[in-house]
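Encoded as structure tokens, here's the structure I'll be asking about.
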Number of protein chains: 2
Amino acid sequence: MSVKPRMADVAKLAGVSVATVSLVLNNTGRRISDRTQQRVWQAAHELGYIRDATARTLRMGKSHSIGFISSEVTLTRFASDMLQGILEAADERDHAVMIMETGESDAAINDAVRALRGRQVDAILIGVMASRDLQLDPPTAGLPCVVLNSTAAGYRAFLPQEFEAGRAAVRALTQRGHQRIGFVGRQRLDNLYRGSVNIGARMQGIDAQLAAENLHFAHEVESLEWEPEVGYEGTLEVLHAAPETTAVLAANDRIAFGVYQAAAELGLKIPTDLSVMSFDDEELAALMRPGLSTLRLPYYEMGRLGVAAVLDEVPSMDAAATSLGAESAPQTAGAQTTGEQTTPATQTTAPTQTTAQQILQLPLSPVWRESIASRDSK
Amino acid sequence: MSVKPRMADVAKLAGVSVATVSLVLNNTGRRISDRTQQRVWQAAHELGYIRDATARTLRMGKSHSIGFISSEVTLTRFASDMLQGILEAADERDHAVMIMETGESDAAINDAVRALRGRQVDAILIGVMASRDLQLDPPTAGLPCVVLNSTAAGYRAFLPQEFEAGRAAVRALTQRGHQRIGFVGRQRLDNLYRGSVNIGARMQGIDAQLAAENLHFAHEVESLEWEPEVGYEGTLEVLHAAPETTAVLAANDRIAFGVYQAAAELGLKIPTDLSVMSFDDEELAALMRPGLSTLRLPYYEMGRLGVAAVLDEVPSMDAAATSLGAESAPQTAGAQTTGEQTTPATQTTAPTQTTAQQILQLPLSPVWRESIASRDSK
DNA sequence: CTGTTAGCGCTTTCAA
DNA sequence: TTGAAAGCGCTAACAG
């Protein structure tokens, strides 16, 4: 057979009707004699029959596929974890995923949604690298849709719990006795890199914990760009301005990488001479010498949970996620200092459902490597 | 309108037949009066009509979508370049891409192909991270299919031109006067990591160039795993065994990263005390201090060209690619030493179409950073 | 220039 | 337990 076999071909070969073939191949509740079933399967197998999902979709109104709109996430190596989570979770539910890359334009996202609607996906995930509040057309009724790593009015959203992570990072240092801490990568809330809501929350968490402990950074270096260069120069600056500094908090791993480079050049041993704590857990963090302690962003989890959310249609989230109103994090700021020791970022804030919009926050997981040494608190 | 509008709805609103709507919306050659066209577009717009691609596909037998089967490429950060190339090229041709991750099992790839066939993709790209010779079911007639970064009997394939890259890497060092070169990351051809055809070719290229220049490595360190740890330990070993070594060739960037770490610890300045050349151009390479000179793998290009190959159905490849029989690289080994200075890996070997199977090799691009200093050849 | 109509391959009542 | 037939939304002859 050189041409693609259809169900009719299977039916003919098995000596039954197409209806029967359909019934058998779908294991429908309807009872079909075992003998017939055998014949049908046999025939299908013999012909190498593959059911046309397109026709099935047309008829059933469900495609068993979901759309993933990536706003620069495929471009960003360490966020490919999100894609991985999506692919895995979708596969477990027998759904295919159609992927579309849009760049950072909100208009392009709207276009992609339309394109995907036309292709009859059953649900849509919108993953965005540069976290922000998206301006999107209102969601289509009947098409489950969630935003990952950003928010959008009218859309359900998953975000990393950056505020808690900020607190945890500071705690990681202070709990080990560090009092003179430098900070590299400060961003002002009124001038965030690409207006990142995540970075804003991270900064607020850091400040909240500092305030809770009645501390100030020994010196801090402001920067919008978060690259190794900044970490390198920043460390030199910190150590110059506050020589008694025992630890540096890096705003992300790439900065921390620069911190290491500066330390090496100054002949400072990490962690004994200088301890380092960071955010993200890029692949890089594990490669450094010594390994970098950092807080892992839940990209993989956002991917997995996003799929679960749109396909299982759970109205509220399970264990891993804790739902919070968009504005509530800063408000709960000074409230709690119940820092348990080993897994700072894993603790969950009590659900404070204030906003109509449903925003679900996932914790960053602490990854302890060897970049932090304990100090006697003076 | 809460329900999804169909073409019939548009037709009714515009006061014409569905055939007319179809004709208009597809800009078919058939002339339709401007007035009617206006009305149709107007109606479609008013209803927010989106054509059902599923029905269209069923009718036309073309889905305008392609499948991408990823054997661990989405898992590998720096190979996401491949996905990027695919997405871009597909988008330019108005094709959607359906992605499926399989892990490293060939059987899973076969399954994915079947799944994708069922979903009526017009073509399939199989991208594999761990380059090898895949054991796949023969390709389906009428379904263009190419393998990226590996080979498979009966399939067209794109591979990085590792043999030439190996030669270029050695040349990068020798042309700058280095004679005492250490090599970290040697693999034996009879025991390649995951049987990688790419790594094998890389090794052969390195040896070929060495032979052509009548050189031997001052010392070489064997290792199947290519991680920073190996680079670190390996460098210590090289410098111990051959203290007069002026340069290290790293089998990949991760090893080179370890080389840097060892150099830092030994107080050796790169590149003046020790020069380093490497392969891959992972993101890491640009972050190091000083930047690492390396050869960029053409993942992005493989993605783009793969799409072009399956959608444009070009029988032989354009400019960027040069076609070679599978086994021919090693044979042309000693032949040419015409190393032009600035872009060693860009040169192309003359097409030597020997095998029935069409294999297209793409050059690695040299990325010159500051990790290499010139030496007076003694 | 525009409308009628016959399917694309499948699922699913409804009858037998 | 099985088959006949309608129809999912669209395109493309073929008429008019």
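For clarity, every value in this text was computed on a predicted model and none was experimentally measured. Chain letters run A, B, ... following the sequence lines, proteins first, then strands; residues in each count from 1.
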Distance test, side-chain N/O of B/Thr20 to OP1/OP2 of C/dG3, below 4.0 Å: yes
Electrostatic pair B/Glu92:B/Arg304 at N-O distance under 4.0 angstrom: yes
Electrostatic pair B/Glu72:B/Arg194 at N-O distance under 4.0 angstrom: yes
Integer-rounded Å distance: C/dT11 C1' and A/His64 NE2: 12 Å
A/Ser33 side-chain N/O to D/dT1 phosphate OP1/OP2 under 4.0 Å: no
Minimum-distance pair of heavy atoms, taken over all atoms of A/Thr151 and A/Ala157: CA-CB, 4.1 Å
Rounded distance (Å) that lies between atom C1' of C/dT12 and atom CD1 of A/Ile32: 13 Å
d(CD, A/Gln37; C1', D/dT1) in whole Å: 11 Å
Side-chain H-bond candidate by donor/acceptor type, B/Thr54 with B/Thr57, under 3.5 Å: no
Sugar-phosphate only, base, or nothing, as touched by A/Thr57 at under 4.0 Å among non-hydrogen atoms: nothing
Protein-nucleotide distance (A/Lys12, atom NZ; C/dG9, atom P), rounded to Å: 13 Å
Spacing of B/Arg39 atom CZ relative to C/dT2 atom C1', expressed in whole Å: 12 Å
Ion pair check, A/Glu88 and A/Arg93, cut-off under 4.0 Å: no
NZ/NE/NH1/NH2 to OD/OE distance under 4.0 Å, A/Asp106 and A/Arg132: yes
Per-nucleotide protein contact string for nucleotides 6-11 of chain D, where B marks a base within reach and S marks sugar-phosphate only (heavy atoms under 4.0 Å, - for neither): BBBBBB
